[in-house]
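What follows is one structure encoded as structure tokens, with my remarks underneath.
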Amino acid sequence: MKNKLTHLAIIMDGNGRWAKERGHIRTKGHEKGADVTRNITQYCAEHPTIETVTFYAFSTENWKRPKYEVNFLMKLLNAWLLNELDTYHKFGAKFETVGDIEGFSPKLQETIAYIKRETAHHTNVTQILALNYGARDEIAKAASRLANRDEEITEDSLGAELNTPYRDIDLMVRTSGEQRLSNFLLWQLSYSEFYFTDTLWPDFTPEELEDIIDQYLHRERRFGAVS
């Protein structure tokens, strides 16, 4: 019996290398990568079983990058969200985030809140961007909130306290050939299937994703049990 794919998570990696290989500055890779995010979201919206796709867009560690690059990413994200509103409506995509968006500028926070409100009624797919997100930070803050309320910290209570609105992830894909999680959804990926591709994110296509999903559907998921 084939697996069902409901929640897909993607670590979008390789924008900088894609730009360097072509003699461009790193920001050109981010611009191209933003277009790929749109294409993959459309594919997910039209897929018969995918309900949620979570993209790792900006980690808590990404603040260590050069200031010009961080500033560009913030401006790109703000402009991209506003430009994508018609696309969200066209594809029936709901927009959500996970992470500490209070670390962003008031302008960007307002844009994020606006896109969430405008797309809240869509049901074809939920696109989640992990923004200023780190899994260790998410887990530590959840445990701290439970402790401050003097509540027992159990697997169930901690899992329910996490900020991620859709927790069970079936398949995680990382592009660019790197084979690590980079502090991404560590709790939620406990029993996920992983796929690592050498393709750089700006070159990633819905056709490659479809091939990956086909392989996933034929894997045996045992969740600690035996066949």
Does some side-chain heavy atom of [Y] sit less than 4.5 Å from a side-chain heavy atom of [X]?
X      : Y      : value
Leu131 : Phe55  : no
Phe58  : Thr60  : no
Val70  : Asn62  : no
Ile112 : Leu108 : yes
Leu189 : Leu186 : no
Leu162 : Gln188 : yes
Glu155 : Trp187 : yes
Thr111 : Leu82  : yes

| field | Crowding at CZ, Arg22 (>12 non-hydrogen neighbours, <6.0 Å) | value | yes
| query | What do you reckon, is NZ of Lys116 surrounded by more than 12 foreign heavy atoms closer than 6.0 Å? | reply | yes
Test your reading of the model: is there a side-chain donor-acceptor pair from [X] to the backbone of [Y], 3.5 Å cut-off?
X      : Y      : answer
Trp80  : Ala34  : yes
Ser144 : Ala140 : no
Thr52  : Thr126 : no
Glu161 : Arg145 : no
Asn132 : Phe104 : no
Thr87  : Asn83  : no
His24  : Lys20  : no
Trp201 : Gly33  : yes

| message | Leu8 vs Cys44, test: side chain to side chain contact (heavy atoms under 4.5 Å, CB included). Steps then yes/no. | response | CA-CA 9 Å; Leu8 171 69; Cys44 293; 3.9 Å; yes
Qualifying residues under side-chain hydrogen bond (donor to acceptor under 3.5 Å, both in side chains), relative to [X], sequence neighbours excluded:
X      : result
Asn124 : none
Lys141 : Asp137
Glu110 : none
Thr123 : none

Less than 3.5 Å apart, any donor N or O on the side chain of [X] or [Y] sitting next to an acceptor on the other?
X      : Y      : value
Thr54  : His7   : yes
Glu208 : Thr197 : yes
Arg174 : Ser182 : yes

| request: Could you list who else is in Phe72's hydrophobic cluster, with ILVMFWY side chains joined at under 4.5 Å, directly or through other members? | output: Leu76
| Taking ILVMFWY side chains as joined if any heavy atoms are under 4.5 angstrom apart, and letting links pass through other members, which residues group with Ile25? | none
| field | salt bridge (charged side-chain N to carboxylate O under 4.0 Å, His left out) contacts touching residues 56-70 (sequence neighbours left out) | value | Arg26-Glu69, Arg65-Glu69
| message | According to salt bridge (charged side-chain N to carboxylate O under 4.0 Å, His left out), does anything in residues 33-47 pair up with another residue at least two apart or in another chain? List the pairs. | response | Asp35-Arg38, Arg38-Glu84
Of all the heavy-atom pairs spanning [X] and [Y], show the shortest one and how long it is.
X      : Y      : value
Ile11  : Arg180 : CD1-O, 4.0 Å
Trp18  : Asp203 : NE1-OD1, 3.1 Å
Asp170 : Thr6   : OD2-N, 2.8 Å
Pro206 : Asn39  : CG-O, 4.0 Å
His122 : His89  : NE2-ND1, 2.8 Å
Leu158 : Ala143 : CD1-N, 3.6 Å

Does [X] have any side-chain contact (heavy atoms from CB on, under 4.5 Å) partners at least two apart in sequence or in another chain, and if so, which?
X      : answer
His47  : Tyr43, Thr49, Ile50, Ile213
Ser176 : Asp13, Arg17, Glu178, Leu200
Glu207 : Thr205

If I take atom [atom1] from residue [X] and atom [atom2] from residue [Y], how far apart are they, to the nearest 0.5 angstrom?
X      : Y      : atom1 : atom2 : result
Ile169 : Ser192 : CD1   : OG    : 5.0 Å
Thr37  : Leu129 : OG1   : CG    : 7.5 Å
Asp198 : Gln179 : CG    : CD    : 8.0 Å
Gln42  : Ile40  : CD    : CD1   : 10.0 Å
Leu81  : Leu85  : CG    : CG    : 9.5 Å
Leu146 : Thr154 : CG    : OG1   : 8.0 Å

| task | Over 60° means perpendicular and under 30° means parallel, so classify the ring planes of Phe184 and Tyr133, tilted if in between. | result | perpendicular
| field | Steps toward side chain to side chain contact (heavy atoms under 4.5 Å, CB included) verdict (Met172, Tyr195) | value | CA-CA 6 Å; Met172 190 284 296; Tyr195 191 98; over 6 Å; no
| message | Do Phe91 and Val125 sit in one hydrophobic cluster, given that two such residues count as connected whenever their side-chain heavy atoms are within less than 4.5 Å of each other, even indirectly? | response | no
| field | Leu185 reachable from Phe194 in the ILVMFWY side-chain graph, under 4.5 Å edges | value | yes
| Partners of Lys32 by salt bridge (Lys or Arg N to Asp or Glu O under 4.0 Å), sequence neighbours excluded? | none
| said: What verdict does the side chain to side chain contact (heavy atoms under 4.5 Å, CB included) test give for Ile212 and Phe204, after you've listed the backbone C-alpha separation in whole Å, the side-chain angles of each residue and the deciding distance to 0.1 Å? | reply: CA-CA 11 Å; Ile212 293 170; Phe204 193 68; 3.9 Å; yes
| said: Determine whether His218 and Asp214 satisfy the following criterion, side chain to side chain contact (heavy atoms under 4.5 Å, CB included), listing intermediate values before the conclusion. | reply: CA-CA 7 Å; His218 290 87; Asp214 184 63; 3.5 Å; yes
